[in-house]
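Below is one structure; the comments refer to it alone.
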Amino acid sequence: MKKVSVVGLGYIGLPTAIITAQNGYQVYGFDVDLSKIEKINKAISPIIENGIENKLKSVIENKLLTVSGNIKQADIFLVAVPTPFLNSDKKIKEADLSYVFSAAKEISKVLVHGNLVILESTVPVGITLKFARLIEKESGFKLSKDFYVSHCPERVLPGRIFEELVSNDRVIGGICQTASELSKNFYSSFVSGQIYITDDKTAEMVKLAENSYRDLNIAYANELSLMAKSIGVDPFKLIELANKHPRVNILQPGCGVGGHCIAVDPWFLIQAFPKNSKVLQAARNINDSKPDIVIKNVLNAVAKIIKPDIPRPRVLALGLTFKPDVDDLRGSPALKIAAELNRKRELFDFAVLEPNLGENMLDGLGFKRFYDLYESVKWADLILILVKHSAFYEIKNFDLKNKVVIDECGLIYKLYELKSQFNLDFGVDGNRDHKNIRGNQ
């Protein structure tokens, strides 16, 4: 089985297609976005990921990976399509599975006897079997006799995808034993981590449990942050010291939770188990409410800045992506905060700086944009730090005297701890939010 068709060439599908091609497979990529196909065929990556440009160029030029808007027949089909919300405004959100089921129908058109189909997309419990049954219905082949289906959820970190595709352990849930064995043979060709075999429902729930655990931990960190700030305690110092305990690992608070996994996957469990997911629902509500709290804090701070000599304060938001050093805006709480503040420009001047997005990637949102960190900081009266991009570490060299800084991600604390050419006076209480801070040139 040496021919692989990757369905969906996004943040997971494209790196997986590349690394599969690098490991001896002839890979065909399929996506419905023709502009994405055009870029990839020119060896231009539509996503930002460490090392992806050179890797993509190599497999394209050597014809190990070919992509098109038509699905190709292969031995193995690997599905990595999105599963967004169907109804994001409802109290209990549900998964939009249209991309998954559309992939099933496309695969059915070219399926042949003996094919293996692997669903990597994160789905609610029970969907892998429904996906398989749809292929069975559309193709006329018998499931687990003529073709085989398994679920193997991805578990990689943006920015480290190529490393973690190889090193991370994998969980494979086959609908039958043969599906599990075939899938294990495939992943063993490039995965150095352990491979664990289970059933499809368990594999589905493992992925949901992993991201729900992290969502719960972040919600706890966000609540701790609110408590600490209310009494003048630095939340980042608090968490750092609490984590000195050998069995405590509190995650970092922030301006909310974004991305395609942590902010989404818990709802798939809540959807299936509404009566037994009270803690998950509480965590989701805490994390979803954090952007509104940040916005309120900014408006309160702006009101305090307004003076006869500063009738219209200048507010700068640093970072718009859902996490540091990526170009991914999916579900970004920072983007939500910036968009809402931008709608209140009658109260203050507002601008953003996002170093990981090209000039045209925010078209239509109406932001005033800076592209130079020094110029943007110099311009601002209030600096709202939303994402801890490594590019922002240079702020340690700037003069922040008389600037109001609201740090939602711990960047200033990180720089303070590093003490790298950085001499800050945060006041006795250590609380840097809404404080004037002094730095050296």
Just wondering, more than 12 heavy atoms not from [X] lying within 6.0 Å of its [atom1]?
X    : atom1 : value
K2   : NZ    : yes
R214 : CZ    : no
Y187 : OH    : yes
Y99  : OH    : no
K368 : NZ    : yes

If we ignore angles and hydrogens, is there a donor and acceptor under 3.5 Å between the side chains of S189 and N23?
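No, N23 and S189 have no side-chain donor paired with an acceptor closer than 3.5 Å.
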Under-4.0 Å salt bridge between [X] and [Y]:
X    : Y    : value
K237 : E240 : yes
R284 : D215 : yes
E136 : R133 : yes

Criterion salt bridge (Lys or Arg N to Asp or Glu O under 4.0 Å) on D328 and R330, from CA distance to verdict:
CA-CA 6 Å; D328 196 342; R330 291 178 297 174; 2.7 Å; yes
Under the side chain to side chain donor-acceptor pair (under 3.5 Å) test, which residues partner N185, sequence neighbours left out?
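N185 satisfies side chain to side chain donor-acceptor pair (under 3.5 Å) with no residue once adjacent residues are dropped.
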Test E106 against K109 for salt bridge (Lys or Arg N to Asp or Glu O under 4.0 Å), laying out the working first.
CA-CA 5 Å; E106 289 295 325; K109 296 176 183 178; 3.1 Å; yes
Should R343 and E340 be marked as a salt bridge (Lys or Arg N to Asp or Glu O under 4.0 Å) after you check the CA-CA gap, both sets of side-chain angles, and the distance that decides it?
CA-CA 5 Å; R343 284 190 280 268; E340 184 60 30; 2.9 Å; yes
